Protein chains: 2
Amino acid sequence: MPNKKPSGNPAPLKPADFDEALERYREYLKRKKLLFTRERIAILEEVMARHDHFSVEELHDSLKANGKKVSRATLYRNLDSLKEAGILAEVDLGNRHVQYEHVLGHRQHFHIICEETSEIIEDDSVEVEKAVEILARKHGFDVSRIKLQIFGTKRRK
Amino acid sequence: MPNKKPSGNPAPLKPADFDEALERYREYLKRKKLLFTRERIAILEEVMARHDHFSVEELHDSLKANGKKVSRATLYRNLDSLKEAGILAEVDLGNRHVQYEHVLGHRQHFHIICEETSEIIEDDSVEVEKAVEILARKHGFDVSRIKLQIFGTKRRK
DNA sequence: GGCTTCTTCGAGATTGAATCTCGATTGGAC
DNA sequence: GTCCAATCGAGATTCAATCTCGAAGAAGCC
């Protein structure tokens, strides 16, 4: 059964991304001496099949819809490990819910959020990355992740 | 994970800041046809007296400690209005709790967060701001607020 | 001041995401 | 296959945030 998603964008799932994620996750689990369970694979599959932002609740629903019953507790537990493995990232979109997006197969990107329409644009910028890098280095920091949200309003022509 | 206090430039409390905030808040309330109540003043005082990051719960506690009893509901209601008035801002520090900081009398700044120690450094960067501005303009956006969190680890010498 | 009207407040109930508990299940090493 | 620690699930629990609605209070008017 396909994904129950609004605006039926048929999520261009590139199998290569999933394979890479699987490989990375497997290594992570081995390194951490964690087991490789069917539930963890199911969650990974679902996470990689989604190319938009999603909440835990939405993920839980689509797992169920795809016949993969995974309890809420398990979901929360393993989202954390996927985050640690660098496969998943939290996104702050200015509302009050934690949302996620997968990182593998997507380039680093930032969020531009319209305060009037809640429209969200994703883009990246080498210049921003460079400037952030310099700022961090000034304080002796090695950057591992940048979260940037730009709030504003879209100019109408 | 408990939060460490931010280090870096600790902002001095200038009474002028409070006066400016009061004036701005008063104007905001008038514009929105909202009343000027003792509770709102009490909350504003407490917010402006704090120069670190705080949770709603902490604010509630220190209000109580200072003999200003304000109910939780009132606090939440009015934090929203302080946010709208441009006096207060939410901060995302990577943990799961919403935290606040006041903006008036502080320059725009970004957060650099150590993933090992939870140490938080605040700083700003004209270069970052410029690069963000350019990125936003590319999409026809006028920037009103930038939230930037840099996660990383502190290099040890 | 006192009167009136409408906003705001507070105490407690409610919600709902996130976490915890603990007996049942399962992965994987042997 | 056997064994045992890691993991799972269902339901209970927690706790920040929100909602409800009668009481209290601000501000305009006289």
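Letters go in sequence order (proteins before strands), and every chain restarts at 1. Just so we're clear, the structure is a prediction, and the values are computed from it rather than from any experiment.
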Please name all residues satisfying side-chain contact (heavy atoms from CB on, under 4.5 Å) with A/Glu127, sequence neighbours left out, ordered by chain then number.
-> A/Ser125, B/Ala131

Specify the residues of residues 79-88 of chain A, ordered by number, for which at least one heavy atom lies under 4.0 angstrom from an atom of DNA chain C.
-> none

Of all residues at least two apart in sequence or in a different chain, which pass the salt bridge (charged side-chain N to carboxylate O under 4.0 Å, His left out) check with A/Glu101?
-> none

Can you check the [X] [atom1] to [N] [atom2] distance for me, whole Å?
| X | N | atom1 | atom2 | value |
| --- | --- | --- | --- | --- |
| B/Leu75 | C/dG10 | CG | C1' | 12 Å |
| B/Gln99 | D/dA17 | CD | C1' | 16 Å |
| A/Glu58 | C/dA17 | CD | P | 11 Å |
| A/Glu57 | C/dT15 | CD | P | 16 Å |
| B/Ile41 | D/dG25 | CD1 | P | 14 Å |
| A/His60 | D/dC8 | NE2 | P | 13 Å |
| A/Ile43 | D/dT7 | CD1 | P | 12 Å |
| B/Arg40 | D/dG25 | CZ | P | 15 Å |

Looking only at side-chain N and O atoms, does [X] come under 4.0 Å of OP1 or OP2 in [N]?
| X | N | result |
| --- | --- | --- |
| A/Lys33 | D/dA5 | no |
| B/Ser71 | C/dC9 | no |
| A/Tyr76 | C/dT19 | no |

Non-hydrogen side-chain atoms of A/Ile150 and B/Leu148 separated by less than 4.5 Å | no

Per-pair distances, 0.1 Å, donor-acceptor, side chain in residues 28-39 of chain A, under 3.5 Å, sequence neighbours excluded:
{"residue": "A/Tyr28", "atom": "OH", "partner": "A/Glu84", "partner atom": "OE1", "Å": "3.3"}
{"residue": "A/Lys32", "atom": "NZ", "partner": "A/Glu84", "partner atom": "OE1", "Å": "3.3"}
{"residue": "A/Thr37", "atom": "OG1", "partner": "A/Arg40", "partner atom": "N", "Å": "3.2"}

Flag if over 12 foreign heavy atoms under 6.0 Å of NZ, B/Lys69 = no

Testing C/dA18, D/dA16, C/dC9 for proximity to the side chain of B/Asn78, the answer is C/dC9

What does the list of N/O pairs under 3.5 Å between the protein and nucleotides 1-4 of chain C look like, with a distance for each?
none

Residues in side-chain hydrogen bond (donor to acceptor under 3.5 Å, both in side chains) contact with A/Gln108, at least two apart in sequence or another chain | none

With sequence neighbours excluded, what pairs up with B/Glu116 under the side-chain hydrogen bond (donor to acceptor under 3.5 Å, both in side chains) test?
-> B/Arg156

Give the minimum heavy-atom separation between B/Leu135 and A/Asp124, together with the two atoms involved.
-> CD1-O, 3.6 Å

Minimum heavy-atom distance A/Thr74-A/Ile43, with the two atoms named | O-CD1, 4.2 Å

Keeping to residues at least two apart or across chains, list the ring pair (Phe, Tyr, Trp, His ring centres under 6.0 Å) pairs with something in residues 104-125 of chain A.
-> A/His51-A/His106, A/His53-A/His111, A/His102-A/His106, A/His109-A/His111

Given side-chain hydrogen bond (donor to acceptor under 3.5 Å, both in side chains), test A/Tyr25 with A/Ser81 step by step and report yes or no.
-> CA-CA 9 Å; A/Tyr25 199 28; A/Ser81 74; 2.9 Å; yes

Sequence neighbours excluded, every pair satisfying salt bridge (Lys or Arg N to Asp or Glu O under 4.0 Å) that has a member inside residues 58-68 of chain A = A/Glu45-A/Lys68, A/Glu46-A/Lys68

To the nearest 10 degrees, how far apart in direction are the end axes of the helix from C/dG1-D/dC30 to C/dC30-D/dG1, each fit to five base pairs?
-> 40°

With the sugar-phosphate defined as primed atoms, P, OP1 and OP2, and the base as all remaining atoms, what B/S/- string results for nucleotides 20-30 of chain C, 5' to 3', for protein heavy atoms under 4.0 Å?
-> B------SS--

Distance-only, no hydrogens or angles: does the A/Ser62 side chain make a donor-acceptor pair with backbone N or O of A/Leu59 under 3.5 Å?
-> yes

Identify every side-chain donor-acceptor pair in residues 140-147 of chain B under 3.5 Å, counting partners at least two apart or on other chains, and give the distances.
{"residue": "B/Asp142", "atom": "OD1", "partner": "A/Arg155", "partner atom": "NH1", "Å": "2.5"}
{"residue": "B/Ser144", "atom": "OG", "partner": "A/Glu115", "partner atom": "OE1", "Å": "2.9"}
{"residue": "B/Ser144", "atom": "OG", "partner": "A/Glu115", "partner atom": "OE2", "Å": "3.4"}
{"residue": "B/Ser144", "atom": "OG", "partner": "A/Phe151", "partner atom": "O", "Å": "3.3"}
{"residue": "B/Lys147", "atom": "NZ", "partner": "A/Asp92", "partner atom": "OD2", "Å": "3.1"}

